[in-house]
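Let me begin by presenting the structure, written as structure tokens, before commenting on it.
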Amino acid sequence: MSFDINAIRKDFPVLQRQVYNRPLVYLDNGATTQKPLPVINCVNDYHVLKNSSIHRGIHFLSEQATEDYENARKTVQQFIHAAHPHEIIFTPGTTASINGVAFSFGEKYVNEGDEIIVTEMEHHANIVPWQMLCERKKALLRVIPFSDSGLLRTEELDSLITPRTRLIAVIHVSNTLGTLNPVEEIIRKAHAFNIPVLVDGAQSIQHIPIDVQKMDCDFFVFSGHKVYGPTGTGVLYGKEKWLEELPPFQGGGDMVDIVTFAKTTYNVLPFKFEAGTPNYIGAIALAEALRYVSSLGLDSIADHEHQLLEYGSEKLNKLGFITLYGTARPKSSIISFLVNGVHPYDAGMVMDKMGIAVRTGTHCAQPVMQHYGIGGTIRASLALYNTAGEIDAFIEAVKKVKTMFG
Amino acid sequence: MSIVNSTYVKSIQEIQEEIVSEFEIYDDWMDKYNYLIELSRDLPVIDSRLKIKENLISGCQSRVWLNAEYQEGTIRFTADSDAIITKGIVSLLIRVLSNHTPDEIINADLTFIDQIGLRQNLSPTRSNGLLSMIRQMKLYALAYKTKFGVK
């Protein structure tokens with residue numbers, strides 16, 4: 001399929017909307033992406049015709065739902081090139097996936113005085129669960145810093161890694177700076193010391209082809225709603241050997257083998273980590289979203305988004321009254337900036353009334369703001385359905401902000 | 001109510017009606033915002049020495065500092081914000097509530113915010129501190145009422 005942007009936009013009904021009597025220009029894709037018709041129809045059809053709880057029922061609907069759910073697992077497996085379907089655990093999202101690993105891995109492998117390494121550009125979801133673990137176990141959190149242009153200073157890893165390092169957690173694409181981090185290099189260095197690496201793919205899964213086997217990460221996590229799927233869906237990929245060894249992070253139905261009051265034995269992978277009735281309709285619709293993305297081709301999507309990123313960054317730069325945060329390359333789909341002398345909240349309020357949806361504030365990455373000594377930025381984040389025309393409208397809105405406040 | 005002399009103070013309700021009629025001429029959002037920017041300059045600015053953590057009403061995005069002083073039965077508010085539109089709205093809140101008695105402030109029903117279309121700015125999720133600011137203004141009124149036993 002060729003990349004026909006006009007045809008693609010028709011797949012996303014919300015993009016035809018107007019807000020404040022102006023065409024909606026949706027540039028808040030880093031927060032969540034809009035849903036294409038196949039995903040919307042899948043969720044709807046399931047509620048209308050197919051709903052039934054999975055794994056337990058002996059009847060027709062339950063068997064069909066179980067089959068669809070397990071096929072969704074295979075779709076995710078293929079999408080990220082995992083070795084086995086049972087390495088794919090469905091979760092409510094990236095945050096839940098990271099919390100799950102932080103708990104299970106922490107229970108089994110982290111003791112007093114041990115160390116966990118994260119980066120200075122993590123989303124709070126990849127900081128706080130590790131901090132909670134460190135507090136629980138009296139372990140220490142170490143941080144890989146980044147340079148002002150937004151590049152991770154990976155050379156620091158050599159001194160940060162110690163015999164007490166138990167795990168490294170790193171964001172693949174920064175949700176604030178857009179930097180595409182050299183996760184392969186970090187993983188190589190970590191594996192030389194047998195240290196596992198968790199990659200937060202919340203901002204890469206929708207933009208970049210992912211091959212977890214080539215990357216050789218030990219855990220890869222992402223949210224469904226950021227890759228055109230439903231909210232409340234997410235994935236925890238873990239290498240089989242880790243998932244076999246780790247204890248479950250939640251107890252309940254479906255994750256057990258034999259339950260007695262004396263002792264309970266756990267179910268096999270992946271069910272060990274999916275306690276209770278999962279969001280099966282969400283997972284099945286997530287698979288639909290991944291098929292949609294695959295049908296367009298992630299390479300074509302990445303090309304399209306990259307052109308828009310460079311077009312938008314250059315236009316912003318040419319205005320002469322903008323400070324960009326995250327100028328390092330390679331980067332993906334995120335433009336973080338300030339209109340000089342203007343509070344981002346004021347800018348966001350005015351842009352909103354012009355139909356431009358951006359996000360303002362700290363983007364759940366306060367340490368990044370602390371790095372630059374600022375209170376927040378304006379963030380425009382791109383998706384496959386954005387157009388150069390929308391970038392132009394966005395630039396006009398930024399100019400308007402400057403005339404009003406500058 | 002008759003105007004006795006030049007020190008006549010408008011009631012909270014009268015000020016609210018005045019603001020609503022000022023905003024009635026703007027049907028475009030940008031004009032409304034431009035007017036708020038203009039109003040931000042009328043804000044009785046808080047003494048810079050009082051721009052301290054204790055007086056900070058912390059929202060997630062824009063910050064507001066608020067101070068209250070009790071003078072002869074009424075409360076006088078001063079404030080500041082780092083965002084201009086927030087500052088404009090703050091200046092309206094102060095215009096409505098400042099120089100009134102604690103009871104009047106406690107019982108004030110701030111209908112003008114809704115009427116001039118700025119209600120979304122008061123939703124807790126907007127995190128601009130305005131909702132907390134109104135709560136704080138009323139808390140000051142309650143505190144002064146308790147302290148001085150004024151009616």
Side-chain angles (χ1 to χ4, degrees), chain A residues 18-25 28 31-32 123-124 176 321 336-370 372-379 393 396-406, chain B residues 23 25-43 45-46 51-53 56-66 79-93 113 116-133:
Chain A
Q18 297 222 328
V19 291
Y20 309 110
N21 297 318
R22 287 159 184 269
L24 169 69
V25 175
D28 194 18
T32 197
H123 185 282
H124 296 161
T176 308
F321 51 78
S336 230
F337 68 100
L338 281 175
V339 181
N340 297 340
V342 179
H343 196 286
Y345 188 75
D346 285 327
M349 296 267 284
V350 165
M351 293 175 79
D352 167 50
K353 293 301 183 300
M354 296 181 75
I356 317 285
V358 291
R359 183 165 168 180
T360 62
T362 64
H363 318 301
C364 293
Q366 288 177 23
V368 174
M369 302 305 140
Q370 288 151 15
Y372 293 108
I374 54 176
T377 69
I378 308 162
R379 182 185 73 177
E396 285 310 309
V398 173
K399 284 186 192 162
K400 177 81 181 171
V401 165
K402 183 65 181 171
T403 47
M404 282 178 79
F405 299 99
Chain B
F23 271 84
I25 56 168
Y26 305 119
D27 47 10
D28 183 74
W29 269 105
M30 292 308 151
D31 295 337
K32 261 188 212 180
Y33 281 167
N34 275 324
Y35 188 50
L36 282 171
I37 293 168
E38 211 179 299
L39 289 173
S40 73
R41 297 183 195 116
D42 299 340
L43 178 76
V45 175
I46 189 169
K51 275 175 85 168
I52 49 174
K53 210 172 132 199
L56 183 66
I57 296 165
S58 197
C60 177
Q61 298 201 15
S62 59
R63 296 183 295 171
V64 176
W65 292 266
L66 175 71
D80 202 0
S81 173
D82 54 356
I84 294 177
I85 291 178
T86 305
K87 209 168 156 177
I89 302 172
V90 167
S91 102
L92 286 175
L93 285 171
I113 297 158
I116 63 177
L118 291 175
R119 198 158 104 121
Q120 53 155 309
N121 292 287
L122 289 175
S123 106
T125 52
R126 287 306 282 251
S127 320
N128 56 10
L130 283 175
L131 202 60
S132 325
M133 173 163 174

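By convention in this document, chain letters (A, B, ...) are assigned in the order of the sequence lines, proteins followed by strands, and residues within each chain are numbered from 1.
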Exercise. Can you find a heavy atom in the side chain of A:Lys353 that is under 4.5 Å from one in the side chain of B:Lys32?
Worked result: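 No, their side chains stay 4.5 Å or more apart.
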
Exercise. Which side chain to side chain donor-acceptor pair (under 3.5 Å) pairs, counting each pair once, include a residue from residues 396-406 of chain A, with sequence neighbours left out?
Worked result: A:Glu396-A:Lys399

Gap separating the [atom1] atom of [X] from the [atom2] atom of [Y], nearest 0.5 angstrom:
X	Y	atom1	atom2	value
A:Tyr20	B:Met30	OH	CE	9.5 Å
B:Tyr33	A:Asp352	OH	CG	6.5 Å
B:Lys87	A:His343	NZ	NE2	11.5 Å
A:Asp346	B:Ser40	CG	OG	8.5 Å

Exercise. For B:Ile37, is it the side chain, the backbone, both, or neither that has a heavy atom closer than 4.5 Å to a heavy atom of chain A?
Worked result: side chain

For this session: Taking all heavy atoms of A:Met349 and all of B:Ile85, pick out the closest pair and write down the distance.
Result: CE-CG2, 3.5 Å

For this session: Please name the pair of heavy atoms, one in B:Asn34 and one in A:Met404, separated by the smallest distance, quoted to 0.1 Å.
Result: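 Minimum heavy-atom separation between B:Asn34 and A:Met404: OD1-CE, 3.5 Å.
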
Problem set entry | B:Asp28 CG: over 12 foreign heavy atoms closer than 6.0 Å |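 Enclosed: over 12 neighbouring heavy atoms sit under 6.0 Å from CG of B:Asp28.
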
Exercise. What residues form a side chain to side chain contact (heavy atoms under 4.5 Å, CB included) with A:Leu338, not counting sequence neighbours?
Worked result: A:Tyr325, A:Pro344, A:Ile374

